[in-house]
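Remember, it's 1-based here, ligands and their atoms both numbered in the order they're listed.
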Amino acid sequence: MAPATRLDALNDLPISAFRAKLWPHTDSRFNLFGPTDQESWRLSLRSSDGISQSELMDCFKLLHHSSAADYRASADGWHPVKKRREMRLLDMKYILLGRSELWYPEVEEMCLPVYGFMSFMLTEEDGIEVVYCYEIHLEESVRGRGVGKRLMGLLEEVGRKAEVKKAMLTVFKRNKAAVHFYERLGYEEDEFSPRPKKLRNGIVKELDYMIMSKSLVSGVKNHDEGRQRKRKAG
Ligand SMILES: CC(C)(COP(=O)(O)OP(=O)(O)OC[C@H]1O[C@@H](n2cnc3c(N)ncnc32)[C@H](O)[C@@H]1OP(=O)(O)O)[C@@H](O)C(=O)NCCC(=O)NCCS
């Protein structure tokens, strides 16, 4: 069956074709801890069905370590089975961080242990084509060394090559460190992020999460996208 939309067609590409078309031609080896650590780290782009059970388990452990408490404290709660199912969604892509000497070139799919990862998807939100960052989690020893910024840069580059309008994500408001990190990279609360609700008894119900985004179209601010769309629809 022919793909229904332009993004479906991109999502349906085999990972080698997706990589050739949308992955920035960066050297994926780099160092994190100074010259003695030269070229010790690698990033690898995968599809959700090209990631092994052990790699997925490493990703899940990182996610659990940094975010399970935030989920538990949220209105929706923590649902590990549902989260594992989401992690295997067909169109989900992964960027895995591993040490290059622990990489097995004969098995491209093998990167253990996983020191950090990002998962993302090309999708539509509120009628706008976006690249959505589902997860970004790093092991504590590799935080604060620019890996998060590098991963977000790759996400945005994929989004630009796919010609989507925004890079987007959801963050728990109580995760102040992550909110600051995204703000530092130019993200702001999205115009479609749900606002606090005023209940009938007058109490204002704050939401525990927000949607943040960054325009990937040069010269266009996030909020212009929605306005243009509304104008078109009207
Ligand atoms: C959030 C996270 C991905 C950031 O990655 P990182 O590699 O540590 O961040 P970087 O070193 O790339 O920092 C990029 C910029 O963000 C800023 N930043 C990073 N962490 C920050 C923090 N805790 N508070 C304020 N600013 C921060 C840095 O100062 C840097 O700014 P600069 O470029 O002007 O120097 C990482 O710390 C992490 O995995 N945290 C736990 C998991 C998590 O909370 N994920 C988010 C779920 S929504």
Does ligand 1 have a heavy atom under 4.0 Å from the side chain of [X], from its backbone, from both, or from neither?
X	value
A177	both
R150	neither
Y209	neither
N175	side chain

Problem set entry | Min heavy-atom dist F172 to ligand 1 below 4.0 Å |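 The answer is no, since F172 has no heavy atom less than 4.0 Å from ligand 1.
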What residue and heavy atom of the protein are closest to [atom], and at what distance?
atom	result
atom 48 (S) of ligand 1	Y182 OH, 3.4 Å
atom 31 (O) of ligand 1	R184 CG, 3.3 Å
atom 26 (N) of ligand 1	H180 CB, 3.9 Å
atom 37 (O) of ligand 1	R143 CD, 3.3 Å
atom 39 (O) of ligand 1	L138 N, 2.8 Å
atom 19 (C) of ligand 1	F181 CD1, 3.9 Å

Is there any N or O on [X] that sits under 3.5 Å from an N or O of ligand 1?
X	value
T170	no
K149	yes
G144	yes
L185	no
V171	no
G148	yes

Exercise. Does NZ or CZ of R150 lie under 6.0 Å from the centre of the six-membered ring of F30, at an angle within 45° of the ring axis?
Worked result: yes
For this session: Cation-pi check, K173 to Y209: give yes when NZ or CZ is under 6.0 Å from the six-membered ring centre and within 45° of the ring axis, no otherwise.
Result: no
Exercise. Could you walk me through whether K197 and E206 pass the salt bridge (charged side-chain N to carboxylate O under 4.0 Å, His left out) check?
Worked result: CA-CA 7 Å; K197 278 186 209 146; E206 283 289 339; over 6 Å; no
We want to know whether [X] and [Y] form a side-chain donor-acceptor pair, criterion being a heavy-atom distance below 3.5 angstrom.
X	Y	result
E139	H65	no
Y132	T170	yes
S74	D76	no
K83	Y71	yes
S44	R42	no

Problem set entry | For atom 11 (O) of ligand 1, the option (of G146, G153, G116, A178) bearing the nearest heavy atom |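 Minimum heavy-atom distance to atom 11 (O) of ligand 1 goes to G146.
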Exercise. To which of L169, V179, I136 does the heavy atom nearest atom 43 (C) of ligand 1 belong?
Worked result: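 It is I136 whose heavy atom sits nearest to atom 43 (C) of ligand 1.
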Problem set entry | Donor-acceptor under 3.5 Å (N175 side chain, D70 main chain) |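 Here the side-chain-to-backbone pair does not exist.
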Can you check [atom]: any protein non-hydrogen atom closer than 4.0 Å?
atom	answer
atom 46 (C) of ligand 1	yes
atom 29 (O) of ligand 1	no
atom 9 (O) of ligand 1	yes

For this session: Measure the spacing between NE2 of H137 and CZ of F117 and express it to the nearest 0.5 Å.
Result: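 Going from NE2 on H137 over to CZ on F117, the span is 5.0 Å.
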Problem set entry | Name of the residue among K214, K165, R195, K166 meeting salt bridge (Lys or Arg N to Asp or Glu O under 4.0 Å) with D190 | K166
Problem set entry | Heavy-atom side-chain contact between W78 and H64 under 4.5 Å | yes
Exercise. In terms of heavy-atom contacts, does CG of L199 have more than 12 from other residues, nucleotides or ligands at under 6.0 Å?
Worked result: yes
For this session: In plain terms, say whether R6 and E129 are close enough for a salt bridge, that is, a side-chain N and a carboxylate O under 4.0 Å apart.
Result: yes
Exercise. With a cut-off of 4.0 Å, which atoms of ligand 1 are near a heavy atom of R145?
Worked result: 11 (O)
